[in-house]
Amino acid sequence: MGEPEVGEQEPVGSLAQETARLLHALAAEARRSPLEDGAADSAGHVCTTGWCPICQVVGFVHDNPDVVEQVTDAAVELGRTVRDMLECSVPPSSDDA
C-alpha cells in the first residue's frame, strides 16, 4: 500500500479495518523510529521509558501478529452485538411496515 497522493483520499473502512490499519502503521513506525539519542536499533524501536503503553502494544503486536486478527474479530463481534441489542430494544417505526 503506497501513500495516497496529495488531495487523494483513501476510502474509510470499517472500525475493524481502521483499527488494523492503525496498529500496522504504529508497528511500522516503531520499526523505523530511531532511539531518542539518534542511534538506530537494528532490532526495531526500544522504548526508552519502559512504561510507554503505545510501545508496549506495538511490541506485543510485533511479537504476536495473530493478535491483530483476533482483535479485529472481537471488534466485529462487538459491533454485531451492539447492532442486535439496538434492533431488539428499538421498536420498528411505522414507516417500515
Side-chain angles (χ1 to χ4, degrees):
M1 273 170 64
E3 300 253 344
E5 296 292 323
V6 175
E8 178 185 334
Q9 289 197 331
E10 198 172 320
V12 176
S14 68
L15 177 61
Q17 292 169 329
E18 293 301 317
T19 301
R21 285 181 184 170
L22 174 63
L23 291 174
H24 285 293
L26 288 172
E29 183 64 28
R31 284 191 296 272
R32 289 198 319 256
S33 295
L35 296 176
E36 285 187 19
D37 64 0
D41 183 7
S42 62
H45 174 76
V46 175
C47 181
T48 57
T49 61
W51 54 266
C52 174
I54 293 176
C55 291
Q56 290 177 353
V57 169
V58 169
F60 183 80
V61 169
H62 184 264
D63 294 340
N64 304 289
D66 59 315
V67 169
V68 174
E69 184 177 343
Q70 292 172 357
V71 168
T72 302
D73 292 342
V76 168
E77 285 300 316
L78 176 64
R80 287 181 183 150
T81 302
V82 170
R83 181 196 63 203
D84 292 345
M85 181 186 71
L86 290 173
E87 286 177 353
C88 290
S89 65
V90 177
S93 67
S94 60
D95 296 340
D96 292 341

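Nothing here was measured: the structure is a model prediction, and the numbers come from that model. All values below were derived from every heavy atom in this structure, side-chain atoms included, with hydrogens, water molecules and symmetry-related copies excluded.
Of all the heavy atoms in P65 and H62, the pair that sits closest is CD-O, 3.9 Å.
Both F60 and V71 belong to a single network of hydrophobic side chains, linked directly or stepwise wherever heavy atoms of I, L, V, M, F, W or Y lie under 4.5 Å apart.
No more than 12 heavy atoms of other residues, nucleotides or ligands shown are found within 6.0 angstrom of CD on E69.
Residue T19 holds its OG1 atom at 10.5 Å from NE2 of H24, rounded to the nearest 0.5 Å. Atom OG1 in T81 sits 11.0 Å away from atom CG in L86 (nearest 0.5 Å).
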